[in-house]
Amino acid sequence: MRLSKSFIPTLKEVPSEAVIPSHILMIRAGLVRQLSAGIYSWLPLGYKVLRKVMDIIREEMNAIGGQEFHFPGLNPKEIWEQTGRVEAFGDILFQIKNREYVLAPTHEEIVAYHAKGAIVSYKDMPQIWYQIQTKFRNEPRPRSGVIRGRQFIMKDAYTLDRDAAGLDVGYALHDKAYRAIFDRCGLKYFVVGASSGAMGGSKSEEFMVKSEAGEDTVAYCEKCQYAANSEVAQSVTETAKHHEESKAVYEISTPNVKSIDELCDFLKIHEHETAKSRVYMHDEKPVLVLMLGNDEVNETKLTSVLGGNVRPCHPDELKDISGADAGSIGPIGFKHKIIADTLLKDANNMFSGANKNDYHIGGLDLSRDVPNIEYFDLRTAENGEKCIRCDSTLEVFKAIELGHIFKLGTKYSEALGVLYLDEHGKEQPVVMGSYGIGVERILACFIEQNYDEKGLTWKEPLAPFDIHLIGLNMKNALVSETAERLYISLIAEGYEVLFDDRLDGSAGVKFNDADLLGMPIQVIVGEKNLKEGKAELKNRRTGEKTIVELEKLIDKLQQPV
RNA sequence: CGGAACGUAGCGCAGUCCGGUAGCGCACUUGAAUGGGGUUCAAGGGGUCGCGGGUUCAAAUCCCGCCGUUCCGACCA
């Protein structure tokens, strides 16, 4: 493709609305342009890469027996009401104003709708249905460019099976296909076991890419590949000590001491000699949660331990419940349920709040002084702690969710009446799985992992072009004739070539554009080398330059770099 | 939804405090020079100063309301 005739608007300056590297570079290299918050237009160069990603996805989905559909983005609201998801999605669901339609944020309902009455026998299954299509979600806060948008392209797949065993097979196939897709795209990723969440299924796994721009926090063990969302991640760390001699409880005057740090300073003690108190409302009944030292309560873990609704108490509720304000609350004399983190199990000689403002207690022995205490894992794993599986060191970092595979079960088939007859003539609900990939996120993540100070650094198979051919001074007849000839023969060799044939534009402009656009190989044709019948090859990634005789250029390209 | 910032030419920004006929750099057009790392010179074109209202002889500038964009947080099947 000739640059002189292409719409590839590059930007020298950093657009002010972009913050993360992939977003900045996607705009600067003319891949995308923003239309509105969380809504992007794909420009020709960006869409070319996106098509390559989609082709890889199609190949791998077809390889596991997937059949490609194209479902409508506009859906009748009625179907969404039947599964209760108009309410479940709430404000995230876009609703059309002048007709009873919604813009589909996902397609479980539509898949179930088409399966109903068409998948009627156990002989009709298994089925793998997928599509690559635009989804709409009214995100309250779009961010990070294409990574979190109000409109985005998703590959979503659905399996229809007769039973759980069939679902296991479909699930495993998708796991395999997803690994193949992300491997082929050249991404460094890892797989995280996720909580089943509100979708109502059993097992789910997330495919994640480490990134500062991520919205999930995960704990990861390099050695044994243990990976978990920090909402559920566990770790091994030092427990509170149990001393031989258990002191009696005594009260200490601690004026203006509120935090654990202040208490440790004031009493000259270690943080692991203290038990921090947090009060939550569990279905409108107070619960005291004790944590070791400064550990924070992991509210996801707390909620799954207690069940029901859990929220932190408001500051003005605390005095009524405990007799003291935050900073002086403790287990002794607390009249409601008390639970503690496992690190505190059987701890004694501990310091904690006295349920009396400006007082703390010492000599706390949890098993002696708190009769009905129960212990659970309630803390959040932190960077540098030990892996629960292999005792190696855990790394905790932010990550972007690229894909999610999910065992749905029969929630949608039951709600919409998608039933089949088994070999005994008995009516059964179809068992579903759903599997998503953020197509644009693949591209954004690839860029997050592949760029330098000059710009993008593509590699096969996502590179929009194999070769960026630069004719330096195209007003020079020899240069332009040679470059034109090279352009034709490179294409004849089967390369995808972007040809900078612009008549104006100095060498510096062309070099910088080529580095910004980041094709793997640059072929540079200029007067200097042409005098000796040579041209230059440059490896964009390594910056390595080689001067080659024109006749040998194509041979040289075919050698591994 | 809570907190904060910003909105002036295609892009990046100054001007706003302290009201008085809208500026800079890049990009663009024309001409010339240059031609291996964003080169140089000259001449140009392009702006309802986000929108609406108010104060004033006079508003990009002060006041009120709205909209938009971004960041932090909450939310995230």
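To find a chain, count down the sequence lines: A is the first, B the second, and so on, and within it residues start at 1. Atom set for the values below is all heavy atoms of this structure, side chains included, hydrogens, waters and symmetry mates excluded.
- Between B:A58 and B:A43, the two C1' atoms lie 35 Å apart (nearest whole Å).
- At least one donor-acceptor pair under 3.5 Å links the side chain of A:Asp452 to the backbone N or O of A:Gly455.
- Nucleotides B:U8 and B:C49, compared at atom C1', are 4 Å apart to the nearest Å.
- Atom CZ of A:Arg150 and atom P of B:C75 are 18 Å apart (whole Å).
- Atom CD1 of A:Ile27 is separated from atom C1' of B:U70 by 12 Å (rounded to the nearest Å).
- For A:Ser36, whose side chain is taken as the heavy atoms from C-beta onward, the closest listed nucleotide among B:U69, B:C11, B:G35 is B:U69.
- Using a 4.0 Å heavy-atom criterion, one finds that A:Asn529 contacts the bases of the nucleic acid, with or without backbone contacts as well.
- Across all strands shown, B:A59 forms no Watson-Crick or G-U wobble pair with both distances under 3.5 Å.
- Phosphate proximity of B:C76 to A:Arg148: absent, as no side-chain N or O sits under 4.0 Å from OP1 or OP2.
- Across the C1' atoms, B:A22 and B:A14 are found 11 Å apart, a figure rounded to whole Å.
- Side-chain atoms of A:Glu448 come within 3.5 Å of backbone atoms of A:Ser22 as a donor-acceptor pair (strictly under, hydrogens ignored).
- The separation of B:G31 from B:U69, taken at their C1' atoms, amounts to 41 Å, rounded to a whole angstrom.
- Around atom OH of A:Tyr189, more than 12 heavy atoms belonging to other residues, nucleotides or ligands sit under 6.0 Å away.
- B:C28 atom C1' lies 14 Å from atom CZ of A:Arg502, rounded to whole Å.
- As judged by a 4.0 angstrom heavy-atom cut-off over every strand, A:Lys454 is placed among the base-contacting residues.
- Atom name C1', nucleotides B:C11 and B:G7: the rounded distance is 15 Å, in whole Å.
- Using a 4.0 Å heavy-atom distance criterion, A:Glu139 is classed as making no nucleic acid contact.
- The gap from the P atom of B:C41 to that of B:A27 amounts to 12 Å, rounded to the nearest Å.
- In the set B:A74, B:G25, B:G37, the nucleotide with an atom closest to the side chain of A:Glu13 is B:G25.
- Within the nucleic acid shown, A:Lys510 has no heavy atom closer than 4.0 Å to any nucleic acid atom.
- Side-chain contact between A:Val111 and A:Phe69 is absent, with no heavy-atom pair separated by less than 4.5 Å.
- Pairing partner, B:C66: B:G50, with both Watson-Crick or wobble hydrogen-bond distances short of 3.5 Å.
- Within 4.0 Å of A:Pro9, counting heavy atoms only, lies no atom of the nucleic acid at all.
- Residue A:Asn512 places its side chain closer to B:G37 than to any other of B:G37, B:C71, B:C11.
- To the nearest whole angstrom, the two C1' atoms, one in B:G73 and one in B:C62, are 33 Å apart.
- Atom-to-atom, CZ of A:Arg28 to P of B:C11 comes out at 16 Å; the value is rounded to the nearest Å.
- Picking from B:C76, B:G37, B:C71 the nucleotide with the shortest atom distance to the side chain of A:Asp515 gives B:G37.
- Proximity note for A:Arg143 (side chain, C-beta onward) versus B:C71, B:U70, B:G38: the nearest is B:C71.
- When both distances must be under 3.5 Å, the Watson-Crick or G-U wobble mate of B:C24 is B:G12.
- For the pair A:Glu527 and A:Val14, nearest-nucleotide mapping onto RNA chain B gives the more 5' position to A:Val14.
- Of the possible polar contacts, none joining the A:Lys155 side chain to the A:Tyr130 backbone as a donor-acceptor pair under 3.5 Å is found.
- In this model, no donor atom of one side chain and acceptor atom of the other lie less than 3.5 Å apart for A:Glu231 and A:Asn298.
- Within 4.0 Å (heavy atoms only), A:Leu503 reaches at least one base atom of the nucleic acid.
- Within a 6.0 Å radius of CZ in A:Phe152, other residues, nucleotides and ligands contribute more than 12 heavy atoms.
- Atom pair A:Arg85:CZ and B:C76:P shows a separation of 15 Å (rounding to whole Å applied).
- As the counterpart of B:C41, B:G31 is assigned, both hydrogen-bonding distances of the Watson-Crick or G-U wobble pattern falling under 3.5 Å.
- Using a 4.0 Å heavy-atom distance criterion, A:Val479 is classed as making no nucleic acid contact.
- Remark: A:Arg141 is not in phosphate contact with B:C1, judged by side-chain N or O atoms under 4.0 Å from OP1 or OP2.
- Note: CG (A:Asp513) to P (B:C26) measures 17 Å, nearest angstrom.
- Contact of the A:Thr159 side chain with the A:His174 side chain is registered, since non-hydrogen atoms from C-beta on lie closer than 4.5 Å.
- A:Ile8 has its CD1 atom 20 Å from the P atom of B:C11, to the nearest Å.
- Comparing the same atom, C1', in B:G20 and in B:G10 gives a spacing of 31 Å after rounding to whole Å.
- Contact annotation for A:Met154: base contact, defined as any heavy-atom pair under 4.0 Å involving a base atom.
- Listed nucleotides B:G37, B:G38, B:U70 differ in distance to A:Ala507; the shortest reach to its side chain belongs to B:G37.
- Note on A:Ser16: only backbone sugar-phosphate atoms sit closer than 4.0 angstrom, heavy atoms only; bases stay farther off.
- Rounding to whole angstrom units, CD of residue A:Glu215 and C1' of B:C75 are separated by 10 Å.
- Pairing of B:G2, defined by two Watson-Crick or G-U wobble distances under 3.5 Å, is identified with B:C72.
- Residue A:Gly436 is classed as having no contact, given no heavy-atom separation below 4.0 Å to the nucleic acid.
- Relative to the side chain of A:Lys12, the nucleotides B:G37, B:C71, B:G38 differ in distance, and B:G38 lies closest.
- The residue among A:Gln34 and A:Phe89 whose nearest nucleotide of RNA chain B lies closer to the 5′ end is A:Gln34.
- With contacts defined as side-chain heavy-atom distances shorter than 4.5 Å, the pair A:Leu472/A:Lys528 does not qualify.
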